[in-house]
Trainee: 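The structure's right below; bear with me while I get my questions together.
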Amino acid sequence: MPSSPRLPWRLVAFSTVLATAAAVGTYVVLADDDTETVPTPPTLELTPDDEAPSTDQVTFTTFDGEEVPLASLRGRPMVINFFASTCVPCITEMPAFEEVFQDVGAEVSFLGLAVADRAEDAQALVERTGVTYPTAQDRDSTVITALGGTVLPTTVLLDADGAIVASRYGEIDADELRALLADELGIAP
């Protein structure tokens, strides 16, 4: 196999010194306090301009099209899990929620809400993941907004009076959900 020609060491050394000098010069020019500063880009507002509706005012929609006030579910502690059929962490955690639901479903209500998702896609996901706890739609994201969520998946624990006692953002497994229920609601399997 033919060998590639080697560059003279003086050329390599000169190129290295030249590149280092260029980098230092660029740093000095850009770091100089006398130069014009680059304006800061505007911040992206993640919350709506209007105040979020209270939990007494929000409704979710069943897959049959029925509007259900969230406040009508008071009386038992509740786990609300917000998901979407396009959210990989949501899909991953749904069987864990089903597992915990099977353990403690008599003591705490579970509700899965598909956020801004097509009903048929959300229902197919529910079926594919084996979820048997009640699921419905948060078509226009009013429920997740009212409960302070901004990302998917979001899990919110409500006490029997409908007050938020804990919120978790991101994927959680069955053990983390059990610990959250025990710590925040005193429910342990």
Trainee: Would you call Ile164 and Val156 a side-chain contact if the rule is heavy atoms closer than 4.5 Å?
Mentor: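 A side-chain contact under 4.5 Å exists here.
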
Trainee: Working to the nearest 0.5 angstrom, can you tell me the gap between Thr150 OG1 and Tyr169 OH?
Mentor: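 Answer for the OG1-OH pair, Thr150 versus Tyr169, is 6.0 Å.
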
Trainee: Whether the side chain of Asp117 engages the backbone of Ala84 through a donor-acceptor N/O pair (distance < 3.5 Å, no angle test) should be reported.
Mentor: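 No; judged by distance alone, with no hydrogens or angles, the pair does not exist.
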
Trainee: What pair of heavy atoms forms the shortest contact from Ser141 to Thr145, and how long is it?
Mentor: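 What the structure gives for the nearest pair is O-OG1, 2.7 Å.
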
Trainee: Tell me whether Ile172 shares a hydrophobic cluster with Val108, the cluster being built from Ile, Leu, Val, Met, Phe, Trp, Tyr side chains joined at under 4.5 Å.
Mentor: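 Same cluster.
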
Trainee: What verdict does the side chain to side chain contact (heavy atoms under 4.5 Å, CB included) test give for Ile91 and Arg128, after you've listed the backbone C-alpha separation in whole Å, the side-chain angles of each residue and the deciding distance to 0.1 Å?
Mentor: CA-CA 9 Å; Ile91 297 166; Arg128 189 170 71 244; 4.1 Å; yes

Trainee: Shared ILVMFWY cluster between Phe101 and Val126, side chains joined below 4.5 angstrom?
Mentor: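 Yes; tracing contacts between hydrophobic side chains, which count when under 4.5 Å, links both residues.
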
Trainee: Identify the heavy atoms of Phe97 and Phe110 that sit nearest to each other, and give their distance.
Mentor: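 Shortest heavy-atom contact: O-CE2, 3.7 Å.
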
Trainee: Between Leu111 and Val131, is there a shared hydrophobic cluster once you connect ILVMFWY residues whose side-chain heavy atoms come closer than 4.5 Å?
Mentor: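 Different hydrophobic clusters.
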
Trainee: Does any N or O in the side chain of Gln123 come within less than 3.5 Å of the main-chain N or O of Phe63, such that one atom is a donor and the other an acceptor?
Mentor: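 Side chain of Gln123 to backbone of Phe63: no pair is present.
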
Trainee: Can you list every side-chain hydrogen bond (donor to acceptor under 3.5 Å, both in side chains) pair that touches residues 152-165, not counting sequence neighbours?
Mentor: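 Passing the test, one end in residues 152-165: Asn81-Thr155.
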
Trainee: Would you compute the distance between atom CG of Leu125 and atom OG of Ser85 and round it to the nearest 0.5 angstrom?
Mentor: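 Leu125 atom CG to Ser85 atom OG measures 6.5 Å (nearest 0.5 Å).
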
Trainee: I need the Phe83 CZ to Met94 CE distance, nearest 0.5 Å.
Mentor: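 One gets 4.5 Å once the value is rounded to the nearest 0.5 Å.
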
Trainee: Under 3.5 Å, is there a donor-acceptor pair between the side chain of Thr61 and the main chain of Gly65?
Mentor: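 Looks like no, no N/O pair under 3.5 Å.
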
Trainee: Taking atom CD of Glu120 as the centre, does the number of heavy atoms from other residues, nucleotides or ligands within less than 6.0 Å exceed 12?
Mentor: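 Counting neighbours around CD of Glu120, more than 12 heavy atoms of other residues, nucleotides or ligands fall under 6.0 Å, so yes.
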
Trainee: Just verifying a value: how many Å separate Phe82 CZ and Cys90 SG, rounded to the nearest 0.5 Å?
Mentor: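 It comes to 11.0 Å.
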
Trainee: Does one hydrophobic cluster hold both Tyr133 and Phe60, with members joined at side-chain heavy-atom distances below 4.5 Å?
Mentor: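 No: no chain of side-chain contacts under 4.5 Å links Tyr133 to Phe60.
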
Trainee: Only one of Val143, Leu147, Asp140, Val68 passes side-chain contact (heavy atoms from CB on, under 4.5 Å) with Val58; say which it is.
Mentor: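 When side-chain contact (heavy atoms from CB on, under 4.5 Å) is applied between Val58 and each of Val143, Leu147, Asp140, Val68, only Val143 qualifies.
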
Trainee: Do NZ/NE/NH1/NH2 and the carboxylate oxygens of Asp56 and Arg74 come within less than 4.0 Å?
Mentor: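 Yes, Asp56 and Arg74 are salt-bridged.
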
Trainee: Find out whether Met78 and Leu73 are in side-chain contact, i.e. whether some heavy atom of one side chain is under 4.5 Å from a heavy atom of the other.
Mentor: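 Side-chain contact under 4.5 Å: yes.
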
Trainee: Out of curiosity, Thr132 OG1 to Glu127 CD, how far, rounded to the nearest 0.5 Å?
Mentor: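 Reported value, rounded in 0.5 Å steps: 12.5 Å.
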
Trainee: Please report, to 0.1 Å, the donor-acceptor pairs under 3.5 Å made by any side chain of residues 176-189, with sequence neighbours excluded.
Mentor:
residue	atom	partner	partner atom	Å
Glu176	OE1	Asp173	N	2.8
Arg178	NE	Asp103	OD2	3.4
Arg178	NH1	Glu99	OE2	3.4
Arg178	NH1	Asp175	OD1	3.4
Arg178	NH2	Glu99	OE2	2.8
Arg178	NH2	Asp103	OD2	2.7

Trainee: Group every Ile, Leu, Val, Met, Phe, Trp and Tyr by side-chain heavy-atom contacts under 4.5 Å, then state whether Val79 and Leu158 land in the same group.
Mentor: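 No: no chain of side-chain contacts under 4.5 Å links Val79 to Leu158.
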
Trainee: Answer yes or no: is there a side-chain heavy-atom contact under 4.5 Å between Ser109 and Pro77?
Mentor: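 No - every pair of side-chain heavy atoms lies 4.5 Å or more apart.
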
Trainee: Roughly how far, to the nearest 0.5 Å, is the CZ atom of Arg118 from the CD atom of Gln137?
Mentor: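 Going from CD on Gln137 over to CZ on Arg118, the span is 11.5 Å.
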
